[in-house]
Amino acid sequence: MKPTGAEWRAKEAKYFMRAGRRMPLLAVRGEGAHIWDDEGKKYLDFFGGPATISIGHSHPVMVQALMEQAQQLIHVSNQFYSIPQLQLAELLVENSCFDRVYFMNSGAEANEGALKLARKWGKEKKDGAYEVIVTENAFHGRTLQMITAGGTERYKAPFTPLPEGFVHVPFNDAEAVKRATTPRTVAVFIEPIQGEGGINVPDDTYLPALRKWCDEQDLLLIVDEVQTGCGRTGRLFAYEHWGIEPDIMTLGKGIGNGVPLSAFLAKEHAAVFVPGDHGSTYGGEPLTTRVGYEVMRYIIENDVPAQVRAKAQIVERRLASLLDRCPRVRSVRGKGLMWAIEFTSEIGERVTNAALENGLIVNNVRPNAVRLAPPLTISDEELEQGLVILEHVIEHGGAPGK
Ligand SMILES: *Cc1c(COP(=O)(O)O)cnc(C)c1O
């Protein structure tokens, strides 16, 4: 007999490191905007990964690419050329403001690569400047350097001493960046919209002001688009919303629709690596880059960003009405298909659990907030369905059941 859900959970408790918490859901299958548990119960997925699933669970385009590539060539050393890697490189560069790309496996690693570029650029072009200005509440991944760059104290405290070279300022405050700039500063490193920090959308003046300051001071502007990139905000890349061009960008999550693939891209002047400076065993291998190529081609050829903008209007309209009528809701914020609903009290977990019981997966991104990040290809009907469930759950204060 196959183990039951409870037996699998017992195995987790016995064998697995206690590094994270889990929801009571044993996922066994995914298709489009849905996943199914071991008992056949169907859930609408408004978490999407976290925000990883761009074109839907097990999209046929992706499955076919995986199968074809698996039969042809899964992996080869980066000492050799491979076609999928070069196809994806061309696609990303031709559809962004950047000149060069390098592939990695996770968001944190892409960010590491970006900061290595900045360090080297500082050494060569800015008299050894190395400090990076980062923001409070930021999330950039879980390596030692990225927890340091991030803004969450409890991710850092157990792991000191931490790498040096980061200065934190409040998000959405360009004046604070100016005050924090010294001759040691080499770069400003931000998420265009903070994701894990609770979907914090900056004022429209923020990124243009940072771009202007970086130009005046000869600093690199680095955007972490691991969450906001690949159509999530209603543009292929979020920086496009503000009409600016960063010097370096990182991608992850949605680029692979679930396979471990990430990238960092740079303008020519910031692409200072020479052979030997960086590398990765798996980064850019044929299997993952083939999937990334087909996923990104799907997003671009079907103008998924435009579809996301249309769906954002549905979300915005419904959430605005919820905010109006439900005293438990303090604010709603977001862009494209990344949204947060903030409550007047810490009911994030209760709402998340009650939604799950009602067949909807959301994420309690903060104790007092839930995040919505459904697949970008979700249908209007599915979107409305999920929002109806969520509104019902919130209006009942997160009480489980109907
Ligand atoms: C998820 C995320 C990361 C980390 O990505 P991993 O693949 O988990 O390493 C980095 N930056 C942002 C903005 C993210 O949302």
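Residue numbers count from 1 along this sequence. Atoms within each ligand, like the ligands themselves, are counted from 1 in listed order.
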* Asked: Only one of Q194, R232, E196 clears side chain to side chain donor-acceptor pair (under 3.5 Å) with Q227; which?
  -> E196
* Write out the protein residues near ligand 1, meaning a non-hydrogen atom under 4.0 Å from one of its atoms, in order of chain and number. => S106, G107, A108, N111, F139, H140, G141, E191, D224, V226, Q227, K253
* Taking the six-membered ring for Trp and the single ring otherwise, decide whether the centroids of F166 and H140 are under 6.0 Å apart. => no
* To do: Would you kindly say whether E31 and H57 are connected by a side-chain donor-acceptor distance under 3.5 Å?
  => no
* To do: Would you please name every residue forming a ring pair (Phe, Tyr, Trp, His ring centres under 6.0 Å) with Y130, sequence neighbours left out?
  => none
* Enumerate the residue pairs fulfilling ring pair (Phe, Tyr, Trp, His ring centres under 6.0 Å) with a member in residues 13-40, sequence neighbours excluded, ordered by first and then second residue. => none
* What residues, two or more places apart in sequence or in another chain, satisfy ring pair (Phe, Tyr, Trp, His ring centres under 6.0 Å) together with Y155? -> none
